[in-house]
Amino acid sequence: MPIELEPLQACPPPAAVAGPPACAPWKASVVAELAEVVRNEPVNAEYRHLVVSCSEAAAQAQPGQFFQLLCPQPAGEQPFLRRPMSLYGADPAERQVAFLYKVTGAGTRGLDTLRTGDRLDIMGPLGVGFRLDPRWRRIIAVGRGAGLATLAPLARAAKANGTEVTAIFSARRPELLVSVALFERHGAEVIAVTDSESTSGPANVERILRREIAERGCDAFFTCGSSRLMRVQQRLAREFGLPGQVAMEQQMACGIGLCYCCVRDFNRDGEIVSRRVCWDGPVFDLMEALP
Amino acid sequence: MPIELEPLQACPPPAAVAGPPACAPWKASVVAELAEVVRNEPVNAEYRHLVVSCSEAAAQAQPGQFFQLLCPQPAGEQPFLRRPMSLYGADPAERQVAFLYKVTGAGTRGLDTLRTGDRLDIMGPLGVGFRLDPRWRRIIAVGRGAGLATLAPLARAAKANGTEVTAIFSARRPELLVSVALFERHGAEVIAVTDSESTSGPANVERILRREIAERGCDAFFTCGSSRLMRVQQRLAREFGLPGQVAMEQQMACGIGLCYCCVRDFNRDGEIVSRRVCWDGPVFDLMEALP
Amino acid sequence: MNAAVRPGPRSVDAVDLSVSIGGLRLRNPVMPASGTFGEGLGKALDFSRLGAFVTKTVTRELRAGNPLPRVVERPSSLINAIGIPSRGVPYFIAQTMPHYAAFDTPLVVSISAPTAEGFASLAAELSIPGIAAIEANISCPNIEEDGKAFAMRAESTERVTRLLRAATELPVWVKLTPNTGDVPEVARAAEAAGADAVVVANTILSMAIDLKTFKPCLGNIMGGLSGPAIKPIVLRQVFQCAKAVTIPIIGCGGIATAEDAVEYMLAGASAVQVGTATFLQPAAMTTIIDDLAAFCLHREIPRVTDLIRGVVIEEADEPDLSWLDPLP
Amino acid sequence: MNAAVRPGPRSVDAVDLSVSIGGLRLRNPVMPASGTFGEGLGKALDFSRLGAFVTKTVTRELRAGNPLPRVVERPSSLINAIGIPSRGVPYFIAQTMPHYAAFDTPLVVSISAPTAEGFASLAAELSIPGIAAIEANISCPNIEEDGKAFAMRAESTERVTRLLRAATELPVWVKLTPNTGDVPEVARAAEAAGADAVVVANTILSMAIDLKTFKPCLGNIMGGLSGPAIKPIVLRQVFQCAKAVTIPIIGCGGIATAEDAVEYMLAGASAVQVGTATFLQPAAMTTIIDDLAAFCLHREIPRVTDLIRGVVIEEADEPDLSWLDPLP
Ligand SMILES: Cc1cc2nc3c(=O)[nH]c(=O)nc-3n(C[C@H](O)[C@H](O)[C@H](O)COP(=O)(O)OP(=O)(O)OC[C@H]3O[C@@H](n4cnc5c(N)ncnc54)[C@H](O)[C@@H]3O)c2cc1C
Ligand SMILES: Cc1cc2nc3c(=O)[nH]c(=O)nc-3n(C[C@H](O)[C@H](O)[C@H](O)COP(=O)(O)OP(=O)(O)OC[C@H]3O[C@@H](n4cnc5c(N)ncnc54)[C@H](O)[C@@H]3O)c2cc1C
Ligand SMILES: Cc1cc2nc3c(=O)[nH]c(=O)nc-3n(C[C@H](O)[C@H](O)[C@H](O)COP(=O)(O)O)c2cc1C
Ligand SMILES: Cc1cc2nc3c(=O)[nH]c(=O)nc-3n(C[C@H](O)[C@H](O)[C@H](O)COP(=O)(O)O)c2cc1C
Ligand code: FES
Ligand code: FES
């Protein structure tokens, strides 16, 4: 089936992303900068927590946005492209941003070599993040794997809005769960499901979601990191008429909408359209996402 | 003028560098190994002293031999080839070798990033080193620049042979002289000549050499690092009928005689022959060398 | 350069960076490579500083582009098989062009078509106010089967260029492929048929195989290599083309620094395009522009055009071994 | 691979690494690339473990090689313009061959000549005991003016191969150039004329300019690019040639690890040559042999020949995004 492109009429008029030279002097809103590593340490057997001090602009990053990291070269390997990493936390006052990453290949192995005081070239903030409606009383976030890193900053942002959060976190084993303490610190309720305890299957997650909706209500769904769990939420969102947002992943080269390598298909009113995860997302309407 | 190659009759019958499989089990005599950095520190504004702990075989390196170092990548640069560095010192008992290097380009900038405990891939020992005749009572070594590093292990080796050493060391400024203490520690006499004191010109070096030969005698010349000074020694060697050896430099790729990128011309009995610095040298007969 | 005869510039602002490409005056020789540029980059660098804008290749028909994965990295390089996802001409005019309308930077539109006539009619259609030049991408290796393209042969290049020349008043730049055995010959054909400039070159057809699945790493099986790894190859082609044609050559392949740009200009390029480097450093182009001015200042070169074809070829004589002798 | 149907090897020694190249049986598919091998390497690796020896190209006449500098490095690559310094045939027979006589590893002699007849008579002269195959280097980009060589065109390749075929009983390997626009076509010509194998490929014609002196970095102005940077390009050419010919293809270009060798074999190579990698790791070839056996063991592949042409090409269907979903 040929991928159809976004039809002409569906496109909003182009927003001027860069002001013409006549206006105010031009200023970069996306910068590649050498940030200084504050901390880079293991969280568990798979994940590392990286904190860097950065510019004011970078520290303004919003939940769901990401950075493109120019990873150092680990011995014998040469990652060439930057690697996308979700914002895990930002501290505008201290001018710091944090990432939570899993060591999987050359790039993340390179990140793992960073020591306090080293420099890391970070480019961002990039992409469209989560939108939180201040009127929402309660949202449910479902995540798995690196998706938990992406959802993490939601907890704080929701709290600032006075919105309650229930998080359903999925992992292979309990000791591989991350972000639980962070969510709980911001008053969120965390329900952990794992493969090792046989609680992570879609059926059980659906059961939990139905119970949560029934018992405590829900104004919106958020998800990242598992297309199987996303499908469960899509079904329930349709059933209960809930809005939802999903943060998608895709391999990236430029991270800023130039190269079209990061496209995924979306269902826009019955039509399959191709959109750039880095530029149109990474956060998309839950109902439009295709697994 | 076309470069002439070594004539057929001049070649010695090939020495079997690798024993046939039938003989003893094969064993590598040149190894690329991950050595551990013991020390890497500035000697003066231009030179660094690098000590690594290595295998027994590497620590057997002889004066005049060299290693090919796989330099780490400094930020933003990618040295691809190994870099040749003369043996500055070897300690077979401690299994250590030392180098003295000048930071000039990408490779040596990479070396400069090494910290104690880091690993450095060293390949060697390579090439033909200096030959010391135990019957020699006194030799004179003339060096300049990085050539002083190459000559350095001569002092100790000559002492072990009971041979006295006079060294004439040339540098731009007195504070850039290296190896002086090392030579003196092994009982050598060091005469420093510098550009800033206007003592380093060929005429003055020739004056010193003549004086040394006249007053204390000389059985052989050694030199490295300056073709102008080499020419002075060639003239005097011819005049006084002295043997001599020169350590040559040339850009290298393989370091082991395969690629023929490191050739230089030599005068062998009136014929210009092209020889590989890495394999036939780096130490050559002083009288055959062409500047 | 003798400073007494011709004094060098006194500040970076005094360096004349402007170049002229087939009648089109550019404020400096640095512009994006097609397919690696878009309005998003306006967040990272000041559009008003670029020598030109060059759009992603536009086609008449709607095109979806290639199946995923569309990129794979290799040492010092990237292989891409994006294909040419295109929303067609009306979308381009209505939605893409306005992003660049406010800048006085020339807008070069890259076009592609499956036939020579298609190229010509597309060029005619896009010869409208707001467009400063047409870049004919007759070299994209992903479109035609097995990497074949117009630019693989002098004859097909000549034909498409001739039709393009007749179809538009705008300057016509022809973008060549590095995948042919005789790029200078193809460049000569483009010149003979009336091209105002040649862009040397597009990506080099390449492949990578995934060792887990044994499948090609790219959905399209093969793709085009770009980035620093290809610079020595394309630089050589620019040097060869400079001996073959007198029209300006725009160098493109692996340029990431001002030094790379200078190397290309010395080899024969009048301007340069920057592609993959932007993916690693989004402000690469403005950094190159700044550093280019600094290079000229430092080397006492008053005009950047002095660099063009400036490579010094000497009679083979004694090899220069002066670097081996640190004596003054 | 279904382990129940076809049990995998139980140890690295049980993996069959042997390959057959046009009648010549090799203990494994790993051999040096011409010009990057010599007796000195016997200090760093065990010659008796190599699949074959391949000599530096030999010519009839004495040749001095190119002016210095002869190499320059670039990102992930090397450009060389060594030329073919050669001491001629008598020296080769008397001084070079004895180094390899004691090993039961086949000795392949690489030859070059300025004419097709010269190739043929040189091959005849070297068809002597101790030589197992002739590799005709019809592709060295440095010899002919501006990089042109026999292997640039199918016709000249066909002619030189035909004469070679008639001149010797030994297997004839023809080494192609990557600098032509249609390598498969040239490979087909070599096959048609009776070549036993094609080596794909030699170096890619390149250039570098020194920014201090504005002179070319190489004494010969241009040179050949080798090393990891060229792997994606040459791998693609091997893949294309595998569709064009049935004779064995020997892959050569940027191979540094067993994974690189596997990638080449999947693309269509029956054996591989390792060049530049040896300059960085002198024992690269034996490491590759060991790791190749380990790879086959791990992937339950009993014979290394099972890898040849093993790339899995599927009908373009849904892109595989499974790596995006960590759920079991
Ligand atoms: C918007 C976004 C946010 C992300 N946030 C996080 C995060 O917070 N924490 C985290 O651990 N991971 C995150 N990922 C995934 C992360 O980018 C990959 O794990 C990482 O790129 C792998 O690089 P590598 O070199 O270690 O692995 P390799 O497998 O060697 O990478 C090879 C190539 O594939 C790409 N790639 C591999 N896996 C992924 C993936 N899952 N998504 C996208 N590209 C991939 C790489 O970028 C690279 O181009 C995110 C991905 C995206 C797109
Ligand atoms: C046998 C031998 C022994 C040496 N011993 C020493 C030593 O003990 N201490 C020391 O400081 N230097 C020594 N040198 C010189 C040293 O190899 C170079 O300074 C070094 O390679 C420069 O590398 P770079 O990347 O820093 O410089 P760059 O200029 O960036 O190097 C670019 C290329 O030129 C080559 N190159 C540059 N300068 C030289 C040179 N003088 N000789 C050979 N190749 C060069 C490099 O190897 C590289 O291939 C020796 C050279 C040789 C051949
Ligand atoms: C992701 C990507 C997409 C590209 N798309 C196009 C294109 O649409 N049209 C075109 O003429 N060239 C295209 N190119 C080729 C570039 O314009 C350029 O010729 C090539 O990348 C070499 O330059 P570089 O090494 O600076 O990237 C593309 C290159 C990349 C990397
Ligand atoms: C220094 C050097 C010298 C070479 N000399 C020859 C040669 O004499 N004959 C030949 O056919 N190929 C020669 N080549 C090409 C190699 O055999 C090989 O085809 C090429 O380097 C690509 O392989 P690599 O990337 O593994 O090095 C030479 C390559 C290098 C780097
Ligand atoms: S990564 Fe380039 S468009 Fe998204
Ligand atoms: S460096 Fe290769 S032969 Fe000397």
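Labels below follow one simple rule: chain letters A, B, ... track the order of the sequence lines, proteins then strands, and each chain is numbered from 1. In this text the structure is predicted, and so the values were computed from the model without any measurement. In what follows, every heavy atom counts, from backbone to side chain, and hydrogens, waters and symmetry copies are set aside.
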**OP:** Using a cut-off of under 4.5 Å on heavy-atom pairs, state which of D:A283, D:S77, D:P228 scores highest against chain B.
**Re:**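 So the answer, after comparing D:A283, D:S77, D:P228, is D:S77.
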Original post:
Within residues 254-261 of chain D, which positions have a heavy-atom distance to chain B below 4.5 Å?
Top reply: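 So far as heavy atoms go, nothing in residues 254-261 of chain D approaches chain B to under 4.5 Å.
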**OP:** Kindly compute the distance separating SG (B:C261) from CD1 (D:I82), expressed to the nearest 0.5 Å.
**Re:**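 Spacing of SG (B:C261) from CD1 (D:I82) equals 5.5 Å.
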Original post:
Rounded to the nearest 0.5 Å, how far does OG of B:S274 lie from CZ of D:R87?
Top reply: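 The OG atom of B:S274 is 7.5 Å from CZ of D:R87, to the nearest 0.5 Å.
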Original post:
Relative to chain D, which of B:D121, B:V31, B:V263 shows the most heavy atom pairs under 4.5 Å?
Top reply: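 When all of B:D121, B:V31, B:V263 are compared, B:V263 has the most.
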Region of [X] that comes under 4.5 Å of a non-hydrogen atom in chain B:
X      : answer
D:T276 : side chain
D:S76  : both
D:A44  : both
D:R74  : backbone

**OP:** Measure distances from B:I256 to the heavy atoms of chain D and classify the residue's part below 4.5 Å as side chain, backbone, both or neither.
**Re:**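 Contact with chain D: backbone and side chain both.
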Original post:
Salt bridge check: are D:E73 and B:R82 linked by an N-O gap of less than 4.0 Å?
Top reply: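 Not counted as a salt bridge, because no side-chain N and carboxylate O are separated by less than 4.0 Å.
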Locate the shortest heavy-atom distance separating [X] from [Y]; write the atom from each residue and the value.
X     : Y      : answer
B:F80 : D:L280 : O-CD2, 3.1 Å
B:W26 : D:G42  : NE1-O, 3.0 Å
D:V71 : B:Q251 : O-OE1, 3.2 Å

Original post:
Is there a donor-acceptor contact under 3.5 Å from the side chain of D:R70 to the main chain of B:Y260?
Top reply: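 Answer holds: yes.
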